[in-house]
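Below: one structure, written as structure tokens.
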Amino acid sequence: MHGREIVSRCRNGSMNLSFDTIIAGSGLAGASAAFVLSENERVLVLDARQPGSGASGVPLGLVSPLMARRARPVWRMEEAVRSFHYVLEESKASSRFSACGVRKPARSSEQAIEFKDAAMKWPHHGSWFEPEPATERWPHLFSKYGVLDVMSGGIVHMPDYCQALIRAARERGAASKSACSIEAWEDRGDHISAKLSTNEELTARRLLLCLGEGYTEFPELHALHLHPIKGQWIRLTSPDDLKNSVAVSSRSFLAMDDEGIVVGSSYEHVYSDLEPTEAVITMLHKEACLLVPSLEGSTVIDAGAGVRVTVPEVRLPMLGPLPGRKNVWVFTGLGAKGLLMAPLLARELPKFFAKPSAIPREISVNLHS
Ligand SMILES: Cc1cc2nc3c(=O)[nH]c(=O)nc-3n(C[C@H](O)[C@H](O)[C@H](O)COP(=O)(O)OP(=O)(O)OC[C@H]3O[C@@H](n4cnc5c(N)ncnc54)[C@H](O)[C@@H]3O)c2cc1C
């Protein structure tokens with residue numbers, strides 16, 4: 001246990017709560033929440049493993065405000081980008097982000113039209129390159145139909161970033177605990193009690209569940225109708241001719257650091273475990289070679305998988321008190337956009353705690369349960 005001592009007792013009949021908020025889970029959601037809330041609250045953040053496990057344990061991720069096949073802006077794009085940079089800088093985690101931009105090569109002439117359109121609509125985020133100038137600029141990239149350069153994007157070391165957020169939260173006075181799971185909770189009207197795997201029972205004003213895939217362990221959370229999607233990634237050796245940062249987002253993504261190139265990912269709606277499979281490893285390697293042909297000779301040096309928790313149909317995060325509860329909250333459903341959605345919503349938590357009706361309807365829990 002770091003930071004504050006944990007003491008929870010009744011004095012003169014009134015409960016002395018050790019924490020304002022206990023946060024369970026320190027992936028992108030929990031770590032961002034811990035950092036923001038610890039500015040003005042007494043926070044305990046715990047994780048079944050360590051900060052930046054779960055989906056946030058994928059070694060590298062892309063920040064790309066213009067996303068997916070049509071390069072549509074993420075939800076509340078401008079605020080999301082601002083919040084990402086704000087949290088990154090305030091937590092002194094800037095070195096975990098490489099502001100190298102993200103390249104989106106078009107895969108067809110139809111997609112090229114969509115991408116050009118996106119560059120016209122959001123010129124401070126995206127810039128369109130016809131095939132010839134694109135090849136000149138990024139000779140390693142297959143760019144038959146042209147490339148959308150998402151200048152405001154870049155690469156994040158996701159586990160390092162989560163760890164930096166937790167470190168910064170502790171500097172603000174938060175307590176943190178690794179290898180400690182939440183096992184049960186009770187909402188007692190004006191506070192909660194949380195039972196931990198260490199046999200401790202702690203009290204706080206509220207509990208914030210940021211469990212990622214860990215939600216599946218709790219029948220109460222099944223009522224939220226979340227949908228988990230397994231995503232596998234591989235790490236490839238990088239050929240010597242790739243001097244510049246490679247950050248590519250297409251059907252797959254490629255992100256490069258000193259240790260090689262991370263390629264992701266599969267979208268598996270049905271799966272039995274989180275082991276990487278040969279078939280997907282081969283598929284990702286092939287896909288990487290299509291995007292960057294000089295990867296033909298590269299070797300797979302690592303592989304893994306994580307689970308993106310999604311909110312079906314809405315495809316936005318989910319945040320708010322659980323149905324029928326006042327003090328047990330959930331912050332999840334970050335899907336494939338955790339890097340932009342986590343800081344955006346974490347920054348709004350103090351406001352939402354004070355006034356739950358301020359939670360935008362499209363992300364509120366009631367809509368889905
Ligand atoms: C292959 C892959 C590639 C991705 N690429 C990108 C990308 O390029 N850009 C992007 O923005 N997003 C990307 N994502 C999505 C991103 O990783 C997720 O949106 C984000 O990590 C989800 O964060 P989270 O905190 O909600 O959940 P998680 O990261 O899963 O964190 C949950 C945490 O809770 C802990 N936990 C679970 N149960 C308990 C319990 N009972 N008690 C205590 N702790 C518990 C876990 O140990 C874990 O640390 C990718 C995901 C995958 C799988």
Side-chain angles (χ1 to χ4, degrees), residues 22-34 44-65 67-68 74 80 84 97 102 153-159 161-163 165-166 176-185 194-198 207-218 221 226 228-235 247-249 252-255 262-268 271 274 276 280 284 303-311 316-319 330-346:
I22 295 177
I23 300 171
S26 53
L28 287 171
S32 306
L44 166 67
V45 55
L46 49 97
D47 199 287
R49 286 172 279 171
Q50 59 186 23
S53 304
S56 310
V58 179
L60 301 176
L62 295 181
V63 169
S64 184
M67 295 255 323
V74 296
F84 168 72
F97 176 59
V102 171
I155 301 174
V156 176
H157 287 250
M158 296 211 283
Y161 176 45
C162 293
Q163 282 154 24
L165 288 169
I166 294 299
S176 71
K177 227 170 167 7
S178 291
C180 174
S181 308
I182 186 157
E183 293 191 331
W185 53 81
K195 187 169 173 298
L196 310 187
S197 55
T198 48
L207 172 66
L208 182 63
L209 299 169
C210 304
L211 302 174
E213 191 223 6
Y215 86 88
T216 53
E217 299 294 316
F218 299 97
L221 303 181
L226 297 165
I229 304 174
K230 176 179 174 182
Q232 298 188 43
W233 56 269
I234 58 172
R235 190 187 271 282
V248 183
S249 168
S252 326
F253 76 85
L254 276 71
V262 172
V263 185
S265 67
S266 56
Y267 282 78
E268 298 165 55
Y271 58 91
L274 285 186
V280 172
L284 290 174
V307 174
R308 309 170 192 89
V309 175
T310 63
V311 181
L316 288 175
M318 180 186 280
L319 175 62
V330 69
F331 178 15
T332 188
L334 302 183
K337 294 167 273 195
L339 285 166
L340 284 171
M341 293 297 106
L344 171 71
L345 292 172

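FYI, the numbering just counts along the sequence from 1. All ligand and atom numbering here is 1-based and tracks the order in the structure.
Not counting sequence neighbours, Thr216 has no partner by the side-chain hydrogen bond (donor to acceptor under 3.5 Å, both in side chains) test. Remark: Ser266 pairs with Glu268 by the side-chain hydrogen bond (donor to acceptor under 3.5 Å, both in side chains) rule, at least two apart or across chains.
Distances shorter than 4.0 angstrom occur between a heavy atom of Arg308 and an atom of ligand 1. In this structure, Met158 counts as a contact residue of ligand 1, since one of its heavy atoms falls inside 4.0 Å of the ligand. Residue Gly304 places every heavy atom at 4.0 Å or more from ligand 1. Using a 4.0 angstrom heavy-atom cutoff, Gly264 does not count as in contact with ligand 1. Look at Leu211 and you'll find a heavy atom under 4.0 Å from some atom of ligand 1.
Within ligand 1, counting atoms from 1 as listed, the ones closer than 4.0 Å to a heavy atom of Ser265 are 1 (C). Atoms of ligand 1 found under 4.0 Å from any heavy atom of Cys210 (numbered from 1 in listed order, with element): 32 (C), 33 (C), 34 (O). Each of the following atoms of ligand 1 lies closer than 4.0 Å to a heavy atom of Leu46: 43 (C). Every atom of ligand 1 with a heavy atom of Gly231 under 4.0 Å away is listed here by number and element: 1 (C), 53 (C). Applying the 4.0 Å criterion to heavy atoms of Gly335 picks out, from ligand 1, the atoms 15 (C), 16 (C), 18 (C), 19 (O). Near Gly306, with a cut-off below 4.0 Å to any heavy atom, the atoms of ligand 1 are 53 (C). For ligand 1, the atoms sitting less than 4.0 Å from at least one non-hydrogen atom of Cys180 are 43 (C), numbered in the order shown with element in parentheses. With ligand atoms numbered from 1 in the order given, ligand 1 contributes 7 (C), 8 (O) to contacts under 4.0 Å with heavy atoms of Gly61.
Among protein heavy atoms, the minimum distance from atom 9 (N) of ligand 1 is reached at Leu62 O, 2.9 Å. Of the protein's non-hydrogen atoms, the one nearest atom 25 (O) of ligand 1 is Ala29 N, 3.0 Å. Nearest to atom 28 (P) of ligand 1 among the protein's heavy atoms is Ala55 N, 3.6 Å. Protein heavy atom at the shortest distance from atom 42 (N) of ligand 1 is Ile182 N, 3.0 Å. Scanning the protein heavy atoms around atom 43 (C) of ligand 1, the nearest turns out to be Ala48 N, 3.3 Å. Considering only non-hydrogen protein atoms, atom 52 (C) of ligand 1 sits nearest to Val58 CG2, 3.7 Å. Closest to atom 27 (O) of ligand 1 among all protein heavy atoms lies Gly212 CA, 3.5 Å. Regarding atom 46 (C) of ligand 1, its nearest protein heavy-atom neighbour is Asp47 OD1, 3.5 Å.
Pairing each heavy atom of Val311 with each of Leu316, the nearest pair is CG2-O, 3.2 Å. Minimum interatomic distance between Pro228 and Tyr271 (heavy atoms only, all atoms of both residues): CB-OH, 3.4 Å. Here the closest non-hydrogen pair linking Gly27 and Cys162 is C-SG, 3.7 Å. Between Val45 and Gly30 the shortest heavy-atom distance is CG2-O, 4.5 Å.
Annotation: side chain of Leu226 is not in contact with side chain of Leu221 (no heavy-atom distance under 4.5 Å). In this structure the side chain of Phe218 reaches within 4.5 angstrom of the side chain of Ile182, judged on heavy atoms. Residues Thr332 and Leu209 have side chains not in contact (no heavy-atom distance under 4.5 Å, counting atoms from C-beta outward).
Note: no N/O pair closer than 3.5 Å links Val307 and ligand 1 by distance alone. Between Ala336 and ligand 1, a contact under 3.5 Å exists for at least one N or O pair. Taking only nitrogen or oxygen atoms, main chain and side chain alike, Gly52 does not reach within less than 3.5 Å of ligand 1. Distances between N or O atoms of Leu339 and those of ligand 1 include at least one value under 3.5 Å.
Compare Phe253, Phe218, Tyr215 by their heavy atoms: the one nearest to atom 3 (C) of ligand 1 is in Phe253. The residue from Gly27, Ser56, Gly333, Cys162 that puts a heavy atom closest to atom 29 (O) of ligand 1 is Ser56. Of the listed residues (Ala194, Gly25, Gly214), the one carrying the non-hydrogen atom nearest atom 38 (N) of ligand 1 is Gly214.
Side chain of Gln50 to main chain of Ser178: no donor-acceptor pair is present (N/O by atom type, distance under 3.5 Å, no hydrogens or angles). Within the 3.5 Å criterion, the main-chain N or O of Ser181 finds a donor-acceptor partner in the side chain of Ser197. Not a single donor-acceptor pair under 3.5 Å links the side chain of Ser26 to the backbone N or O of Asp47.
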| field | side chain to side chain contact (heavy atoms under 4.5 Å, CB included) between Lys177 and Thr198, worked out | value | CA-CA 10 Å; Lys177 227 170 167 7; Thr198 48; 4.2 Å; yes
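Ring geometry for Phe97 versus Phe84: interplanar angle over 60°, hence perpendicular rather than tilted (30 to 60°).
Screening Leu334, Val330, Leu344 for a side-chain contact (heavy atoms from CB on, under 4.5 Å) involving Pro317 leaves a single residue, Leu334. Here the rule is side-chain contact (heavy atoms from CB on, under 4.5 Å) with Ile234, and of Leu284, Val280, Val262 only Leu284 fits it.
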